[in-house]
Structures are given as structure tokens and as C-alpha cells.
K.L.:
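What follows is a structure written as C-alpha cells; I'll ask about it next.
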Amino acid sequence: MRMVDLIEKKRDGKELSTEEINFIIQGYTDGEIPDYQVSAFAMATFFKDMTDRERADLTMAMVNSGETIDLSAIEGVKVDKHSTGGVGDTTTLVLAPLVAALDIPVAKMSGRGLGHTGGTVDKLESVEGFHVEITKDEFIKLVNENKIAVIGQSGNLTPADKKLYALRDVTATVNSIPLIASSIMSKKIAAGADAIVLDVKTGAGAFMKTPEAAKELAHAMVSIGNNVGRKTMAVISDMSQPLGLAIGNSLEIQEAIDTLKGQGPKDLEELCYALGSQMVYLAGKADSLEDAKAKLQEVIQNGKALEKFKQFLASQGGDASVVDHPERLPQAQYRIELPAKQDGVVAELVADEIGTAAMLLGAGRATKESEIDLAVGLMLNKKVGDTVKAGDSLVTIHANRENVDDVMAKLYDSIRIADHADAPTLVYGTVTE
């Protein structure tokens with residue numbers, strides 16, 4: 001088998017066999033096939049696409065390029081959730097204890113964030129003492145006992161994906177549906193889940209800018225998951241404005257606590273119910289999505305979800321008293337209001353730009369070496385569709401420096417006030433097959 005023949009085959013729009021795809025991925029991982037040939041293959045794939053079978057084979061070839069996590073020692077159906085990214089995306093912090101409160105095992109592998117705010121691990125480390133440096137045996141034991149645990153990402157999952165992702169970044173082939181879908185799904189499958197729920201974002205703050213593109217990606221990932229024996233569903237949700245009100249690490253922990261009490265922002269609550277219903281249904285704990293939602297609402301109302309969050313924090317060394325005393329979370333030194341300059345209706349909150357404003361405060365990492373300030377961030381006081389008067393606070397800036405002119409300028413550039421605007425659709429649809 002020669003790589004040049006396989007590039008030519010894909011360039012001409014022909015279907016590659018399982019063996020040919022395995023040859024490409026194994027050869028590239030081992031360093032036997034050079035970057036320039038895989039670049040050509042990625043570009044051919046970008047233009048000629050792949051069949052459902054090719055996409056599933058590409059995903060499994062990447063799964064098999066490194067170690068995989070065996071979660072078979074955990075009792076029950078392990079359901080994982082993945083979001084394609086966004087700003088103020090607090091869903092994991094709410095969903096993990098919410099679903100675990102229904103005796104569904106949530107074995108979560110999470111990384112640190114690079115970008116607007118920290119990743120799930122950074123956010124959880126806002127709680128004093130909380131740590132994810134636990135052994136795999138301890139991780140499995142905690143999930144069996146408490147139905148929930150979070151561990152840091154393993155170093156050698158899907159090395160082929162890491163190499164291919166870096167190459168796509170510099171060869172203008174990032175926006176290829178089969179390459180995006182196989183990249184995301186390979187990591188989820190290698191992490192050992194039995195079932196996968198996907199939150200595919202669309203809008204200004206998302207990778208897929210239109211609902212149509214997000215739907216195409218969702219169908220691709222759901223098809224891959226189901227083709228390789230993982231029950232998979234997806235929700236297509238809006239990221240034209242930040243989700244919820246909090247953007248920052250300790251601020252998002254507080255927002256998660258509020259949501260688990262049934263007092264969170266309506267959009268965050270709605271999305272958690274949509275995603276959580278799919279998780280409960282795929283775990284076999286409900287007969288329908290409506291039945292699943294009712295069960296989730298019950299554990300919020302009776303306090304079991306909040307108790308599960310406390311148990312989760314305490315079992316990994318965290319100070320669970322923050323749930324009842326959120327003032328014990330890291331607090332910023334200054335709170336500075338951003339006043340509206342005119343009367344009107346909020347017409348636009350550009351999600352990624354507002355995320356950048358939070359990063360300027362220190363809530364996220366500009367580079368891997370950047371230190372995160374867990375206390376700082378932004379609280380939105382208005383969302384798209386809300387009426388404002390001149391002088392009303394649009395955003396509360398939580399900062400550890402007195403001068404935040406750069407952040408305020410970035411926020412003013414990212415918030416548009418008009419005479420009229422409607423609140424955006426939050427959930428554009430679900431993909432179940």
C-alpha cells in the first residue's frame with residue numbers, strides 16, 4: 001500500500017477501505033507517513049467528504065492509535081456529555097450532579113481550558129481543596145459509590161488526533177465535517193463511555209456559525225457513535241450570546257449552585273434539562289425524553305441534586321460548605337459596573353468577544369503557561385431581548401485591578417443596543433439517529 005495512491009483515490013472521490021484508513025492513521029502516528037502527504041489527504045477529504053462508514057473507520061483508527069480507558073468496572077450505563085465549546089458554558093457543572101442524583105454513573109474526564117475561561121477542572125478548583133489528581137482505581141471506586149467523579153485527562157488518548165488536529169490548523173482544513181466529527185468522537189469513545197450526548201453549538205461564539213452547519217456536524221457525530229456501538233444523541237443549541245449570566249471560574253461555580261437549587265438563569269436551566277433528558281434516556285432510566293425531564297425536575301425540587309454536588313466536592317477534597325456559603329469561593333477585589341449609554345433593547349451580545357473580555361481580566365488562558373485568576377470574570381445583567389435605560393448596568397466586572405478600561409472598551413464593542421430585538425432561539429433541535 002502506498003500513501004500517494006490513497007491520496008489520489010480520495011482526491012478522485014472514491015471510498016477508502018477500512019484497511020486503507022488504518023494504514024494512513026497508523027503510519028502517520030508512527031512517523032512513517034510525512035506531514036505533507038497527510039496534509040494532501042486532509043485537503044482531499046475536505047473537498048470530497050467521506051461516507052458514514054469511512055467516518056466511523058477514521059474515528060476508530062484514531063481511538064486505536066493510543067490507550068483507551070476501560071470503565072467496565074463501573075456498574076450501569078456510563079453516559080458522557082460533550083459540548084463543542086462556548087462562552088459561559090456551565091452545563092457540565094450542573095449536569096454531572098443532576099444526572100448522578102438519578103443513580104446514573106457520570107465518569108467525567110476533563111481538561112483545563114485554553115481561551116475565554118478555564119475548563120471544567122479549572123472551574124472546580126475554585127473550590128478550595130478540590131483536586132482531580134486521583135488514580136484510575138480511586139476514580140472507578142468513587143463513581144461506583146457516589147455515581148460521580150472527575151479525573152484529569154490521560155496523556156496518551158488519541159495521539160493520532162493530536163497530530164492531525166495540529167496539521168489541520170495550519171493547512172486550512174479545520175472546517176471539514178468528517179475531520180471535526182472523527183476528532184471529537186475519537187476522544188469520547190477512547191474515554192470509555194457507553195453512551196454519548198453532544199451539545200453542538202451554533203452562532204457567533206461557536207465553531208459552526210449557522211444552525212444548518214451545526215445540524216450537519218451533529219448528524220455526522222451521532223452517526224459515527226451509533227455505527228461504532230455507542231448510543232449517541234445531540235442537541236443543537238445557540239451560542240450567539242453567552243449561556244447563562246456568569247463568565248469566569250468561581251462565578252460559574254456559584255451559577256451552577258443556583259441552578260441546582262432551581263434558581264439559575266432560565267437559558268442555562270433549559271439547556272441542562274434538554275441535555276440531561278437525553279443522558280437519562282440513553283442510560284435506560286426513563287421511557288421517554290419527557291419522562292426523563294420530569295425525573296430531573298424532581299431531584300432539583302427535592303434537593304437531591306444539590307446534595308449530590310456537595311458529596312461530589314467533598315469526596316475529591318473540596319470544601320463542600322461553599323454550596324451553602326458561596327461567599328467562601330474566591331472573590332474579586334473590585335466590582336465595576338458597565339453602564340448602558342442609551343435607552344433601547346439589547347440586540348446583540350457577541351459571545352466570543354465577551355469571552356475575550358473575561359480573558360483580559362485573567363479568567364482564561366491566552367497561552368498554556370498563563371495563570372488563571374479564579375476570582376475574576378463577568379456577570380451579565382442583561383441578555384438579548386432585554387429592555388435597558390441609559391445608565392443601567394449591562395455587565396458587572398469582577399476584577400483584581402482597579403483600571404479596567406481595556407475590558408470596558410471590549411465590552412462596549414461587543415454589546416449592541418437597538419430599538420427592537422427578539423431573544424434568540426436556545427435549542428434549534430435534537431438529533432437522535
K.L.:
Could you check whether R401 pairs with D373 (Lys NZ or Arg NE/NH1/NH2 to Asp/Glu carboxylate O, under 4.0 Å)?
P.N.:
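So R401 does not pair with D373 through a salt bridge.
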K.L.:
With distance as the sole criterion, is a donor-acceptor pair present between the side chains of D199 and S237 under 3.5 Å?
P.N.:
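Present: a donor and an acceptor within the cut-off.
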K.L.:
Please report the interatomic distance CD(E125) to CD1(I253), rounded to the nearest 0.5 Å.
P.N.:
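It comes to 10.0 Å.
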K.L.:
So that I can tick it off, tell me whether D49 and R55 are bridged by a salt bridge, with the cut-off set at under 4.0 angstrom between side-chain N and carboxylate O.
P.N.:
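Salt bridge flag = yes for D49 with R55.
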K.L.:
If you compare all heavy atoms of G248 against all heavy atoms of A363, which two are closest, and at what distance to 0.1 Å?
P.N.:
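Heavy atoms of G248 and A363 come nearest at CA-CB, 4.3 Å.
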K.L.:
Identify each donor-acceptor pair in which a side-chain atom of residues 261-275 lies under 3.5 Å from a protein atom, sequence neighbours left out, and give them as a table.
P.N.:
unit_1 : atom_1 : unit_2 : atom_2 : d
D267   : OD1    : G244   : N      : 3.3
D267   : OD2    : G244   : N      : 3.1
D267   : OD2    : K383   : NZ     : 2.6

K.L.:
Salt bridge (Lys or Arg N to Asp or Glu O under 4.0 Å) for D161 and K187? Distances and angles first, verdict last.
P.N.:
CA-CA 8 Å; D161 175 57; K187 292 191 276 281; 2.8 Å; yes
K.L.:
Look up atom CG in L245 and atom CG in D258, then write down how far apart they are to the nearest 0.5 Å.
P.N.:
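Separation between the atoms: 9.5 Å.
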K.L.:
Any luck finding a side-chain donor-acceptor pair between R168 and S176 under 3.5 Å?
P.N.:
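Looking only at side-chain atoms, S176 and R168 do not form any donor-acceptor pair under 3.5 Å.
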K.L.:
What is the minimum heavy-atom distance between T173 and F46, and which atoms define it?
P.N.:
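What the structure gives for the nearest pair is CA-CD1, 4.1 Å.
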K.L.:
Can you give me the closest heavy-atom contact between L361 and G377, atom names plus distance?
P.N.:
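Heavy-atom minimum between the residues: CD1-O, 3.6 Å.
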K.L.:
Can you list everything that forms a salt bridge (Lys or Arg N to Asp or Glu O under 4.0 Å) with K108? Sequence neighbours excluded, please.
P.N.:
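Testing K108 for salt bridge (Lys or Arg N to Asp or Glu O under 4.0 Å), a comparison that skips the adjacent residues, returns D80.
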K.L.:
Measure the CD1-CG distance between I257 and L313 for me, rounded to the nearest 0.5 Å.
P.N.:
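Here the rounded value is 7.5 Å.
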K.L.:
Can you find a side-chain donor-acceptor pair between T425 and D238 that sits under 3.5 Å?
P.N.:
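Checked: T425/D238 side chains show no N/O donor-acceptor pair below 3.5 Å.
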K.L.:
Before you tell me yes or no, could you show the steps for F41 and L16 under side-chain contact (heavy atoms from CB on, under 4.5 Å), namely the whole-Å CA-CA distance, both residues' side-chain angles and the distance that decides it to 0.1 Å?
P.N.:
CA-CA 11 Å; F41 166 71; L16 298 175; 3.7 Å; yes
K.L.:
Under a 4.0 Å threshold between the charged nitrogen and the carboxylate oxygen, would D324 count as salt-bridged to K310?
P.N.:
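Yes, charged N to carboxylate O under 4.0 Å.
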K.L.:
V376 and G362: which non-hydrogen atoms are nearest, and at how many Å?
P.N.:
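Shortest heavy-atom contact: CG2-C, 3.7 Å.
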K.L.:
Taking the basic N atoms (NZ, or NE/NH1/NH2) and the acidic carboxylate oxygens, is any pair closer than 4.0 Å for K295 and D291?
P.N.:
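Yes, charged N to carboxylate O under 4.0 Å.
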K.L.:
Answer yes when R53 and D57 have at least one side-chain N-carboxylate O distance shorter than 4.0 Å, and no when they do not.
P.N.:
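The answer is yes: the pair qualifies as a salt bridge.
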K.L.:
Got more than 12 heavy atoms from elsewhere within 6.0 Å of NZ, K209?
P.N.:
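Count over threshold, so yes.
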K.L.:
Could you tell me whether the side chain of F312 reaches within less than 4.5 Å of the side chain of Q316, counting heavy atoms only?
P.N.:
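They are in side-chain contact.
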K.L.:
Which heavy atom in T92 sits nearest to a heavy atom in P97, and how many Å separate them?
P.N.:
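Reported closest heavy-atom pair: O-CD, 4.3 Å.
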K.L.:
Which residue in the set T202, L198, T430 passes side-chain contact (heavy atoms from CB on, under 4.5 Å) when paired with I236?
P.N.:
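Between I236 and the candidates, side-chain contact (heavy atoms from CB on, under 4.5 Å) is satisfied uniquely by T202.
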